[in-house]
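These notes concern the structure reproduced below.
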Amino acid sequence: MDAEPIDLRSDTVTRPCPAMRRVMADAEVGDDVLGEDPTVNRLQARAAELLGKEAALLLPTGTMANLCAFLAQTRPGDSIILSAEAHPFHYESGNIAMVAGLLPRTVADPFGKISAEQVAAAAVRTDDAHHANSTLAAIENTTNRGGGAYYQHHEIEGVARECHDRGMRLHCDGARLFNAAEASNMEPCFLARPCDTVCFCLSKGLGAPAGSLLAGDGETIRRAHRFRKMLGGGMRQAGVIAAAGLYALENNIPDIAEDHRRAREFRRALEAEGVRFALPSPTNILYIGTADAAAATRALRERGVLAGAVSPGRIRAVFHRDIDDAMLGRAVDAFKATLAPRQG
Ligand SMILES: Cc1ncc(COP(=O)(O)O)c(C=O)c1O
């Protein structure tokens, strides 16, 4: 067994490559809280351009990017429409309720998506003082708990139309927006266009150590900037992080297609052995069904592979740029040995 395990727990485990570390070391920096870090300013301008928005803001995490988007576009006591599988509903420590003061109105879908019809059915817009008015909906593209599902462009437009017709706004949690762009063969700016705000993470498939960008119109991003400071997310010489982000946007986007190819090959090889997948896996996230996920992940670890037991009957494996073809082959062997139904 190799000393270093093959880590399929998440694409957040990617590490900065030597060339990325060099640009970080050499980054021109200033005090970003004063707006004086030239590398941060360049990254924010680049992100705004990539997403076709007026302005963008660098935040330490995707969690803070979502939260600042929510705070900037709602008021405490409003309601937000999002999937019952959405990352902010499950994995952001209840911040929608605790910090933003929002009532989540969740809609059900195994792939973690929301439809125009669901927005229409869930939205509350009334003068009746009994109700929490819906002012924002949030989509996730791609979805984390929904197996890396992505939206077709017309689906995003449909959701946006329902929101805008009701005077609501639409946020896109694009933690993996570049995976969505690759899978749907659409430029990120087209996926972003129907949405009022969009964020993406540098720290996942793009391979940077930290950072997320939130983009939108100038006024909304100014409001988000204020909330970033309030939450303690104003970083000083953040150009060191921004340099990694610029490097990632310049160099790493094309490799996402390779992550998707490896995920497809992984699935094909295991399905041929009778291994059951719990959801479709159109991008880099795979959910595998098994009777005892905790026991299976322990056995995988002994075979040199790390995967997540996300529920008693589900294992998650995520492909990313630190997994090459040789590691894919070893991961397939380990999963086969652990999960394939025994012959004879
Ligand atoms: C869909 C989605 N949104 C938001 C986040 C939050 O990102 P961070 O871990 O940078 O806070 C994640 C992290 O995995 C995610 O998968």
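Computed from heavy atoms alone, side chains included, the values below leave out hydrogens, waters and symmetry copies.
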- Task: Would you name the heavy atoms of Arg267 and Ser281 that are closest together and state the gap between them?
- Result: NH1-OG, 2.8 Å
- Query: Among Glu54, Arg169, Lys53, which one satisfies side-chain hydrogen bond (donor to acceptor under 3.5 Å, both in side chains) with Thr220?
  - Reply: Arg169
- Task: Mark yes when over 12 heavy atoms from residues, nucleotides or ligands other than Arg261 sit less than 6.0 Å from its CZ; otherwise mark no.
- Result: yes
- Looking at SG of Cys68 and CZ of Arg226, how far apart are the two atoms once the value is rounded to the nearest 0.5 Å? 12.5 Å
- So, are Arg222 and Glu219 salt-bridged, with charged N and O less than 4.0 Å apart? yes
What pairs of donor and acceptor atoms, side-chain ones from residues 195-207 against any protein atom, are under 3.5 angstrom apart with sequence neighbours left out?
from   : atom 1 : to     : atom 2 : distance (Å)
Asp196 : OD1    : His164 : NE2    : 3.4
Asp196 : OD2    : His164 : NE2    : 2.8
Asp196 : OD2    : Leu170 : N      : 2.8
Thr197 : OG1    : Gln73  : NE2    : 2.8
Thr197 : OG1    : His171 : ND1    : 2.9

- Message: Looking at every non-hydrogen atom in both residues, tell me the closest pair between Leu51 and Ala215 and how far apart they are.
- Response: CD1-CB, 3.7 Å
- Of all heavy-atom pairs linking Arg303 and Ala337, the shortest is NE-CB, 3.5 Å
- Item | Arg276 atom CZ, neighbour heavy-atom count above 12 within 6.0 Å | no
- Over all heavy atoms of both residues, which pair between Ala269 and Lys336 is shortest? Give the atoms and the distance, please. O-CE, 4.3 Å
- Inter- and intrachain pairs under ring pair (Phe, Tyr, Trp, His ring centres under 6.0 Å), touching residues 304-326, at least two apart: Phe266-Phe319
- Just wondering, more than 12 heavy atoms not from Phe190 lying within 6.0 Å of its CZ? no
- Linking Ile, Leu, Val, Met, Phe, Trp and Tyr through side-chain heavy atoms less than 4.5 Å apart, which residues share a cluster with Val318? Phe111, Leu279, Ile285, Tyr287, Val310
- Message: Once rounded to the nearest 0.5 Å, what's the spacing between atom OG1 of Thr297 and atom CZ of Arg9?
- Response: 11.0 Å
- Message: Around atom CD of Glu28, are there more than 12 heavy atoms from other residues, nucleotides or ligands closer than 6.0 Å?
- Response: no
- Message: Could you walk me through whether Leu213 and Gln44 satisfy the side-chain contact (heavy atoms from CB on, under 4.5 Å) test, starting with their C-alpha distance in whole Å, then the side-chain angles of each, then the deciding distance to 0.1 Å, before giving a yes or no?
- Response: CA-CA 7 Å; Leu213 275 302; Gln44 291 177 161; 4.2 Å; yes
- Would you confirm whether Glu140, through its side chain, and Gly112, through its main-chain N or O, come within 3.5 Å as a donor-acceptor pair? no
- Check: Tyr151 main-chain N/O paired with Asn141 side-chain donor or acceptor under 3.5 Å: yes
- Members sharing Val33's hydrophobic cluster, built from side-chain contacts under 4.5 Å between Ile, Leu, Val, Met, Phe, Trp and Tyr, are none
- Charged N-O contact under 4.0 Å between Arg298 and Glu302: no
- Out of Asp11, Thr142, Asn284, which one pairs with Arg176 under the side-chain hydrogen bond (donor to acceptor under 3.5 Å, both in side chains) rule? Asp11
- Query: What are the two closest non-hydrogen atoms of Ala56 and Ala48, and how far apart are they?
  - Reply: CB-N, 3.8 Å
- Query: Given the rule that I, L, V, M, F, W and Y join up when any side-chain heavy atoms are under 4.5 Å apart, are Ile81 and Phe89 in one cluster?
  - Reply: no
- So, Arg15 and Asp7, do they make that salt bridge, N to O below 4.0 Å? no
- Message: When you compare the side chain of Asp78 with that of Leu136, does any pair of heavy atoms fall below 4.5 Å?
- Response: no
- Task: Please check if the side chain of Ser212 supplies one atom and the backbone of Gly62 the other of a donor-acceptor pair under 3.5 Å.
- Result: yes
- State whether Arg321 and Asp259 are salt-bridged, where the test is any N-O pair (Lys NZ or Arg NE/NH1/NH2 against Asp/Glu carboxylate O) under 4.0 Å. no
- Test: Glu265 and Arg262 ion pair at under 4.0 Å: no
- Query: What residues join Ile221 in its hydrophobic cluster, counting side-chain heavy atom gaps under 4.5 Å, either direct or through other members?
  - Reply: Leu57, Leu59, Met64, Leu67, Leu71, Met98, Val99, Leu214, Phe227, Met230, Leu231
- Hey, is the main chain of Tyr150 close enough, under 3.5 Å, to the side chain of Lys113 for a donor-acceptor pair? yes
- Note on the structure: Heavy-atom closest pair (Glu162 atom, Ala120 atom, distance to 0.1 Å) is OE1-CB, 3.6 Å
- Query: Will you find, in the side chains of Ser79 and Ser134, an N or O donor that is under 3.5 Å from an N or O acceptor?
  - Reply: yes
- Task: For Glu117, check salt bridge (Lys or Arg N to Asp or Glu O under 4.0 Å) against everything at least two apart and list the hits.
- Result: none
- CD1 (Ile156) and OG (Ser184) are apart, to the nearest 0.5 Å, by 7.5 Å
- Message: Regarding Asn144 and Arg316, do their side chains bring together a donor and an acceptor under 3.5 Å, going by distance alone?
- Response: yes
- Query: So, Ser83 and Arg145: side-chain donor and acceptor under 3.5 Å apart, yes or no?
  - Reply: no
